[in-house]
Participant: 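One structure, pasted below without further comment.
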Amino acid sequence: MAFDGITIANIAQELNQTIVGGKINKIAQPENDELMITIKNNRTVYRLLLSASASLPLIYLTDNNKPGPMTAPNFCMLLRKHIGSARILSVTQPGLERILIFELEHLNELGDICRKKLIVEIMGKHSNIIFCDENNMILDSIKHVSAVMSSVRQVLPGKDYFIPDTMDKFDPLSVSKEEFFNTVFSKPINLSKAIYTSFTGISPTIAESICYAAKFDSSIPANVLEHGNQNLIWIQFYELMNKIKKGEFTPVIYEKDDLPVDFSAVRLSTHSDCNEIIYDDMSSLLRNYYAKKNLHTRMRQKSSDLRRVVTNALEKDRKKQEHRNWNGAPAFLRQ
């Protein structure tokens, strides 16, 4: 599963329980699109990994330290200058957007208290880490987005920060039953797609799970459901959103044949053929999930290389044997 709004909500809850109130001790930029921030809070040291990688954007607490280069990039130097010893006041998520906002308090050169915001957007190839002042003016970002790259939103120093357009999607945490019915069941597309295209932060996997839990085929057109069946979908959706608002998360990895298949911040009804592994927090889950995925990928790559070597060797032996058989054949056959 990709990082959806529900996963981000679970991480926000975890960070509020661990690093809020803490003080930033160190900032490093190990990769061009990645930050490692060390925080001290309640006599405990936390390492927070923020990655705006287009292929694998991530945010979680990690045990591994990734040192930065000898010469820090400009973005890292700017952060060190302003928030190198800042206190973390809050970690918030607007609605169920795939965005986390870190509100930070620090002293400026004159000793006055100032506030800044570090905004992490986990949005696939559009992921970014943006540093703003208290008035939401962008001071800098780990990725610059010019007018040439996007005519909708530029991410450049001096520009005002605003949340990317959600294409008229509703906030699932505050949507009413009437809005849900009017939005989802008016679409002549399959049921699961009608759900995840109507609300921010809802992934296709979560939409599939809602349909499956209500005992409906997710591929049926949303606009053909009768009112009674529509109500069953709404009940599953409402119960899930209610759990999220209460902070009732269940970080879980689904495995099949000892291989990780999927992960989620809530239980899914679509993986009944998989083993469930429950975790205490989302950061532990993500560390284990990606470690297993990487191990499996490396093993698959090595086995692929080994198969190629063996196949090539067998092909050479086959050709040699054919050559020997040909040379040993009677002369009239070789003419």
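These numbers come from the heavy atoms of this one structure, side chains and all, not from hydrogens, waters or symmetry mates.
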Participant: Under 3.5 Å, is there a donor-acceptor pair linking the side chains of S192 and N190?
Facilitator: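 Yes, because at least one side-chain N or O of S192 sits under 3.5 Å from a partner of the opposite role on N190.
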Participant: Could you tell me whether the side chain of N16 and the main chain of A12 form a donor-acceptor pair under 3.5 Å?
Facilitator: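 Pair found, side chain donor or acceptor close to backbone of A12.
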Participant: Flag the pair S283 / I11 as yes when at least one side-chain heavy-atom distance between them is below 4.5 Å, and no otherwise.
Facilitator: no
Participant: Can you name the side chain to side chain donor-acceptor pair (under 3.5 Å) partners of S272, sequence neighbours left out?
Facilitator: none
Participant: Please find the pair of heavy atoms, one from L96 and one from A9, that lie closest to each other, and give the distance.
Facilitator: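 In this case the closest contact between L96 and A9 is CD1-CB, 4.2 Å.
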Participant: Got K169 and F199 here, is their nearest side-chain heavy-atom distance under 4.5 Å?
Facilitator: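 Not in contact.
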Participant: Check whether any side-chain N or O of H106 sits under 3.5 Å from a backbone N or O of I83 as a donor-acceptor pair, and report yes or no.
Facilitator: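 Looks like no, no N/O pair under 3.5 Å.
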Participant: Testing the 3.5 Å rule here: is there a donor-acceptor pair between the side chains of N42 and T44?
Facilitator: no
Participant: Is there a donor-acceptor pair under 3.5 Å between the side chain of Q93 and the backbone N or O of E97?
Facilitator: yes
Participant: Backbone N or O of L173 within a donor-acceptor pair of the D171 side chain at under 3.5 Å?
Facilitator: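 Checking the backbone N and O of L173 against the side chain of D171, a donor-acceptor pair under 3.5 Å is found.
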Participant: My understanding is that a hydrophobic cluster links ILVMFWY residues whose side chain heavy atoms are under 4.5 Å apart, including indirect links. Using that, what else belongs to the cluster containing L107?
Facilitator: I113
Participant: Could you please spell out the steps behind the ring-ring contact (aromatic ring centres under 6.0 Å, His included) verdict for H227 and F181?
Facilitator: CA-CA 9 Å; H227 182 78; F181 273 60; 5.5 Å; yes
Participant: Determine whether Y161 and I138 make a side-chain contact, defined as any pair of heavy atoms from C-beta on separated by less than 4.5 Å.
Facilitator: yes
Participant: Under 3.5 Å, is there a donor-acceptor pair linking the side chains of K143 and N32?
Facilitator: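 No, because no side-chain N or O of K143 sits under 3.5 Å from a partner of the opposite role on N32.
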Participant: Would you indicate whether D273, at its atom CG, is surrounded by more than 12 heavy atoms from other residues, nucleotides or ligands within a distance under 6.0 Å?
Facilitator: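 Counting other residues, nucleotides and ligands, CG of D273 exceeds 12 neighbours.
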Participant: Any side-chain heavy atom of I277 within less than 4.5 Å of one from V252?
Facilitator: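 A side-chain contact under 4.5 Å is absent here.
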Participant: Indicate yes or no: at least one non-hydrogen side-chain atom of I233 is less than 4.5 angstrom from one of L191.
Facilitator: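 The answer is yes; the side chains approach within 4.5 Å.
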Participant: Tell me if a side-chain donor or acceptor on R98 pairs with a main-chain N or O of G5 at a distance below 3.5 Å.
Facilitator: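 No; judged by distance alone, with no hydrogens or angles, the pair does not exist.
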Participant: Using a distance-only test with no angle check, is there a side-chain donor-acceptor pair under 3.5 angstrom linking T7 and N10?
Facilitator: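 Short answer, no.
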Participant: Can you tell me if T92 and S90 form a side-chain donor-acceptor pair at under 3.5 Å?
Facilitator: no
Participant: Between E103 and R115 (salt bridge meaning N to carboxylate O under 4.0 Å), is one present in this structure?
Facilitator: yes
Participant: Is N41 close to T18 at the side-chain level, that is, under 4.5 Å between some pair of heavy atoms?
Facilitator: no
Participant: Would you check if L48 and L50 make a side-chain contact, meaning some heavy-atom pair closer than 4.5 Å?
Facilitator: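 Of all side-chain heavy-atom pairs linking L50 with L48, at least one is under 4.5 Å.
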Participant: List the residues meeting side-chain contact (heavy atoms from CB on, under 4.5 Å) with T183, not counting sequence neighbours, and say none if there are none.
Facilitator: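 So T183 forms a side-chain contact (heavy atoms from CB on, under 4.5 Å) with F170, K187, S198.
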Participant: Just by modelled atom types, is the I206 backbone N or O under 3.5 Å from a matching donor or acceptor in the D4 side chain?
Facilitator: no
Participant: Tell me which one of L61, I88, I39, V20 satisfies side chain to side chain contact (heavy atoms under 4.5 Å, CB included) with L15.
Facilitator: L61
Participant: Using the ring centroid of each side chain, check whether F75 and F131 are separated by less than 6.0 Å.
Facilitator: no
Participant: Can you name the residues that form a side-chain contact (heavy atoms from CB on, under 4.5 Å) with P69, not counting sequence neighbours?
Facilitator: P73
Participant: Considering only distance and modelled atom types, tabulate donor-acceptor pairs under 3.5 Å from the side chains of residues 146-157, sequence neighbours left out.
Facilitator:
| unit_1 | atom_1 | unit_2 | atom_2 | d |
| --- | --- | --- | --- | --- |
| S146 | OG | V148 | N | 3.4 |
| S150 | OG | V152 | N | 3.3 |
| S150 | OG | R153 | N | 3.2 |
| S150 | OG | R153 | O | 3.4 |
| R153 | NH1 | E121 | OE2 | 3.0 |
| R153 | NH1 | F162 | O | 2.8 |
| R153 | NH2 | E121 | OE1 | 2.7 |
| R153 | NH2 | E121 | OE2 | 3.3 |
| Q154 | NE2 | S150 | O | 2.6 |

Participant: Before accepting this row, confirm whether a basic side-chain N of the pair K116/E105 lies closer than 4.0 Å to the acidic partner's carboxylate O.
Facilitator: no
Participant: Is the closest side-chain donor-acceptor distance between E208 and T270 under 3.5 Å?
Facilitator: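 E208 vs T270: no donor-acceptor pair found between side chains.
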Participant: Run S53 and S51 through side-chain hydrogen bond (donor to acceptor under 3.5 Å, both in side chains) and show every step you take.
Facilitator: CA-CA 5 Å; S53 166; S51 175; 4.7 Å; no
Participant: Counting only heavy atoms not in N74, do more than 12 sit closer than 6.0 Å to its CG atom?
Facilitator: no
Participant: Could you tell me if the ring centre of F180 sits under 6.0 Å from that of Y238?
Facilitator: no
Participant: Tell me if a side-chain donor or acceptor on S209 pairs with a main-chain N or O of S269 at a distance below 3.5 Å.
Facilitator: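 Here the side-chain-to-backbone pair exists.
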Participant: What residues, two or more places apart in sequence or in another chain, satisfy side chain to side chain donor-acceptor pair (under 3.5 Å) together with N135?
Facilitator: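 Per chain and number, N135 pairs via side chain to side chain donor-acceptor pair (under 3.5 Å) with no residue.
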Participant: So with a 6.0 Å cut-off around CG of D258, is the heavy-atom count from everything else above 12?
Facilitator: no
Participant: Do R267 side-chain atoms and T250 backbone N/O form a donor-acceptor pair below 3.5 Å?
Facilitator: no
Participant: With a 4.5 Å cut-off on side-chain heavy atoms, are Y290 and L56 touching?
Facilitator: yes
Participant: Just wondering, more than 12 heavy atoms not from M77 lying within 6.0 Å of its CE?
Facilitator: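 No - once you tally the heavy atoms of other residues, nucleotides and ligands closer than 6.0 Å, there are 12 at most.
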Participant: So F263 and Y279, ring-ring contact (aromatic ring centres under 6.0 Å, His included) or not? Walk me through it.
Facilitator: CA-CA 11 Å; F263 73 85; Y279 286 82; over 10 Å; no
